[in-house]
Amino acid sequence: MGGRGSNTIWGGRYKLGPAEIMERINASIGFDRRLYAQDIAGSLAHCDMLVAQGILSTKDGRAIKRGLAKVREEIEAGRFKFSTKLEDIHLNVESRLTELIGAAGGRLHTARSRNDQVALDVRLWVRDTIDRLEPMLADLQAALIDRAEEHAATIMPGFTHLQTAQPITFGHHLLAYVEMFGRDRGRLADCRARLNESPLGAAALAGSPHPIDPRKTARALGFARPMANSLDAVSDRDYVVEFIAAASLTAVHLSRLSEEIVIWCSAPFRFIALSDAFTTGSSIMPQKRNPDAAELARGKVGRIVGAFVALCTMLKGLPLTYGKDMQEDKEPLFDAADSLELGVAAMAGMVRDLEANAERMRAVAAADYSVATDLADWLVRKVGLPFREAHHVTGRLVGLAADKGVDLDKLSLAEMRAVEPRIDRSVYRVLTVEASVNARRSLGGTAPANVARAVQEARRRYLGRSR
Ligand code: ARG
């Protein structure tokens, strides 16, 4: 044991305890207690391996496992006394274990260091988080797909530059996000596959002189294999960065959809309404119904992308192997994951909650000469004009209609023929928003028939079911 006030775990060569400020800057228990379940799972696997390899007696192994189960119980019941003197979750658990079972507790750390231990715990935590996010994203896709099916033929304006471009269907618009979240799920799955190697056995940095079997612990903890290089095992946090990068893109997608919901809810648009469940009132303006959940899902992207920058900056100058800087990975990681989970769940709720104002969407879709491209395409198909010339002729007709303050289909045949004599009566058939969307049956296009098919396809691809 070390001197008075020094650390009971590593205080051998210490005469004095740390300065108060040292204890404060050093301790991570305030946030890394969230790793307790992963820490204990890792210790249980490590203990089994030590026993199987004859490094630890069966008796000590049993006592350790019983003790660890008790520690977990205490933590989960809120009875565990976390101590900043004991720095982090690893030392808090080990110290309590030894209190509970005596000297055998001190044998658990054989052939292990906090360096491979923390690398393991964080890997397991990220993996668990991905496994939780995966079904949440699938649920968000399911909500979008259901609403897309309902609105396969609901016409809305499609925008570029936020200017009315062409009529589209609301279902098609929602399915665009299903694709984005599908790629997000793919990125998380890639990240999971790459991180799924066990760092245990690296010990402090160089490996262990004990006859350990890292394959055994890797298998027990569901890893594909142990890591190949002990220095890499304790020093990289690329899996945290990769997870946060995937989370950032997911958050960006959530944010864009949130932005659209905010716009669609606004009085000048009135495309959708959210119920009481997903809006808040104003403390002064009684008429207000604010889409706060969408705004927060949009706002949280800053924290998640911020975490990415924080992690890359923390890592970029670190020499191999472990540096205490790496303790700074946890708060940004936890915050990014929490923010994303909230955002995804709130978005699934909003998508299920929103009510579309189909009449209003159609009216806006029909305004501002949104079918002008259909007229140009008709001139190409029926009159045989080169597209550039058709564009020109259509531009003149739009100008004429705008001067008169009417829609294109309100121009008389005589007025149209004055611009292009080969136009005939059949042109009027393409000048409605319904005709416009129905005509867009090319692969990936917005036609209601396409959307109905795409809904089935998306259920198969993303949800593994046909309904
Ligand atoms: N709390 C530390 C962290 O989060 C655990 C590893 C400490 N390792 C050490 N050599 N001091 O990084």
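Start at 1 and go down the list; that is how both ligands and their atoms are numbered. Count residues from 1 along the sequence.
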| Could you go step by step and tell me if Ile75 and Phe82 meet the side chain to side chain contact (heavy atoms under 4.5 Å, CB included) rule? | CA-CA 9 Å; Ile75 294 176; Phe82 291 103; 4.1 Å; yes
| request: Could you check atom 11 (N) of ligand 1 against the protein and tell me its nearest heavy-atom contact, residue, atom and distance included? | output: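 Result for atom 11 (N) of ligand 1: Arg114 NH2, 3.5 Å.
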| atom 6 (C) of ligand 1: which protein heavy atom is closest, and how many Å away? |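 Result for atom 6 (C) of ligand 1: Tyr322 OH, 3.4 Å.
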If the cut-off is 4.0 Å to any non-hydrogen atom of [X], which atoms of ligand 1 fall inside it?
X      : answer
Lys330 : 3 (C), 4 (O), 12 (O)
Ser28  : 1 (N)
Asp88  : 1 (N), 2 (C), 5 (C)

| Parallel, tilted or perpendicular: rings of Phe181 and His253 (30°, 60°) |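 Perpendicular.
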| said: To the nearest 0.5 Å, what is the distance between CD on Glu73 and CZ on Arg79? | reply: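 Here the interatomic distance stands at 6.5 Å.
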| task | Ignoring angles and geometry beyond distance, decide whether His90 reaches within less than 3.5 Å of ligand 1 through its nitrogen or oxygen atoms. | result |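 Not met; the criterion fails.
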| Derivation of the side chain to side chain contact (heavy atoms under 4.5 Å, CB included) call for Phe271 and Ile263 | CA-CA 9 Å; Phe271 283 7; Ile263 292 175; over 6 Å; no
| field | Considering all heavy atoms, the nearest Leu124-Leu221 contact | value |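 It is CD2-O, 4.3 Å.
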| task | Pick whichever of Ile89, Asn115, Val118 has a heavy atom sitting closest to atom 9 (C) of ligand 1. | result |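 Among Ile89, Asn115, Val118, the closest heavy atom to atom 9 (C) of ligand 1 belongs to Asn115.
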| task | Tell me which one of Arg237, Gln327, Glu87 gets a heavy atom nearest to atom 2 (C) of ligand 1. | result |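 Among Arg237, Gln327, Glu87, the closest heavy atom to atom 2 (C) of ligand 1 comes from Gln327.
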| query | Can you check whether Phe170 and Trp264 have ring centres sitting under 6.0 Å from each other? | reply |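 Centroid separation for Phe170 and Trp264: below 6.0 Å.
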